[in-house]
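Heads up, the thing below is written out as structure tokens.
Below, chains carry the letters A, B, ... as their sequence lines are ordered, and counting in each starts from 1.
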Number of protein chains: 2
Amino acid sequence: MDTRPTSRRQDQSAKAPPAKTSRAEPSRIERLCIERGLKMTGQRRLIARVLSDAEDHPDVEELYRRALALDNKVSVATVYRTVRLLEEKGILDRRDFGGGRARYEPTEHGQHHHLIDVETGRVIEFVDEAFERLAQAIAARLGFSMVQFRLEIFGQRDAEESNPAPPEAPR
Amino acid sequence: MDTRPTSRRQDQSAKAPPAKTSRAEPSRIERLCIERGLKMTGQRRLIARVLSDAEDHPDVEELYRRALALDNKVSVATVYRTVRLLEEKGILDRRDFGGGRARYEPTEHGQHHHLIDVETGRVIEFVDEAFERLAQAIAARLGFSMVQFRLEIFGQRDAEESNPAPPEAPR
DNA sequence: ATAAATGCAAAATCTTTGCAGAGAC
DNA sequence: GTCTCTGCAAAGATTTTGCATTTAT
């Protein structure tokens with residue numbers, strides 16, 4: 001019989017960036033929401049703050065956990081509904097790094113891509129302009145205009161290194 | 001309220017390549033299984049044939065449907081177990097093109113990538129050596145050895161075109 | 001003969017949704 | 001005041017699994 005780990009649940013204990021509890025001014029994401037005319041409820045403001053503060057690629061459950069930690073007034077269903085809404089509005093990007101759960105990050109950040117450490121699951125972002133040009137050229141060659149592209153490199157940390165940064169989401 | 005399509009089920013009516021019903025010789029995938037010492041049951045042989053014949057990126061349910069069409073002796077659970085096994089053995093690659101279901105294709109084919117038509121969901125494969133070199137260089141720069149990488153370009157068909165190829169899996 | 005594979009149905013996960021009450025504008 | 005949002009629990013969708021039985025080697 002198969003011998004994979006039984007549960008798809010993963011250790012999500014990792015870094016939840018220190019909550020900037022400056023409740024006063026609107027978070028960056030909140031401003032974007034307002035720009036697009038979204039009705040700003042307490043829950044949306046809360047989720048917007050969590051997203052604005054996040055420097056990683058949290059999944060819905062992790063967002064929910066962080067939101068609860070800030071202010072215990074939100075349900076998972078609302079988190080799901082909100083990330084979907086924000087994705088539709090172009091404020092969030094949904095990612096799939098192979099863990100079975102969708103993970104989110106604010107749009108923009110410029111075009112960047114991901115290197116996933118196959119051992120720890122940690123995700124490193126990087127930028128490379130050459131890729132974008134190349135991708136655009138290929139799309140054109142095939143008769144398409146590039147709308148978006150994603151590049152994910154799965155790699156193994158080189159031996160000599162000594163940079164035990166904590167994993168973002170171990171597989 | 002949200003206005004997304006209710007069901008995640010998708011039209012999967014598209015091309016099921018003409019079944020090479022030459023039951024005699026083992027399919028290509030079956031040979032690979034044997035090479036790796038897998039026990040060859042009727043079901044595995046069947047699934048191996050479906051995979052060998054496939055020229056697209058079917059999901060489990062589609063594989064199941066095609067398998068049933070050839071020979072009505074397999075269950076979905078076995079298809080799931082088999083694709084997982086073959087993925088672990090490096091015979092299949094699992095893909096995610098954003099439809100919520102994993103899709104599979106035989107490994108090898110050489111390093112190739114995908115351009116997804118955002119309107120129809122059709123997937124076009126392409127190769128480009130420059131990408132591989134670039135990806136390798138980037139991994140090295142970050143202190144990693146590249147194990148694998150995936151590149152997906154989402155594009156919109158240019159207007160002037162007139163190539164109404166049928167979608168592989170419309171979103 | 002033995003260890004592994006299958007089928008079935010139940011369970012696990014992740015995500016969406018219907019509905020009644022609460023809240024933003 | 002109206003129209004949207006939220007919470008809850010239930011339903012959906014996809015994938016995994018326990019167990020008794022069958023099967024490949």
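The side chain of B/Thr78 lies closest to C/dG7 when the candidates are C/dG7, D/dG7, D/dC5. Candidate nucleotides C/dT15, C/dG7, D/dT14 were compared by shortest atom distance to the side chain of B/Val74, and C/dG7 ranks first. Side chain of A/Arg81, nearest nucleotide from C/dT15, C/dG7, C/dG18: C/dG18. Of the candidate nucleotides C/dT15, C/dT6, C/dT16, C/dT15 has the atom nearest to the side chain of A/Ala102.
Nearer the 5' end of DNA chain D, as judged by each residue's closest nucleotide, is the contact made by A/Val76, out of A/Val76 and B/Val60. Residue whose closest nucleotide on DNA chain D sits further toward the 5' end, between A/Lys39 and B/Ala77: A/Lys39.
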Let me see the working for B/Leu51 and B/Ile91 under side-chain contact (heavy atoms from CB on, under 4.5 Å), right down to the final yes or no. CA-CA 10 Å; B/Leu51 285 167; B/Ile91 295 174; over 6 Å; no
I'd like to know whether A/Glu35 forms a salt bridge (Lys or Arg N to Asp or Glu O under 4.0 Å) with A/Arg31, so could you lay out the CA-CA distance, the side-chain angles of the two residues, the decisive distance to 0.1 Å, and finally the verdict. CA-CA 6 Å; A/Glu35 273 175 32; A/Arg31 282 197 300 276; over 6 Å; no
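Close to C/dT17, at under 4.0 Å from its OP1 or OP2, lies a side-chain N or O of A/Arg84. Checking the phosphate oxygens (OP1, OP2) of D/dT22, no side-chain nitrogen or oxygen of B/Gln43 falls inside 4.0 Å.
If you take CG of A/Leu46 and C1' of D/dT6, they are 13 Å apart, rounded to a whole angstrom. Straight-line distance from the OH atom of A/Tyr80 to the C1' atom of D/dC8: 15 Å, rounded to whole Å.
If you check distances only, the side chain of A/Arg44 never reaches the base of C/dG23 with a donor-acceptor pair under 3.5 Å.
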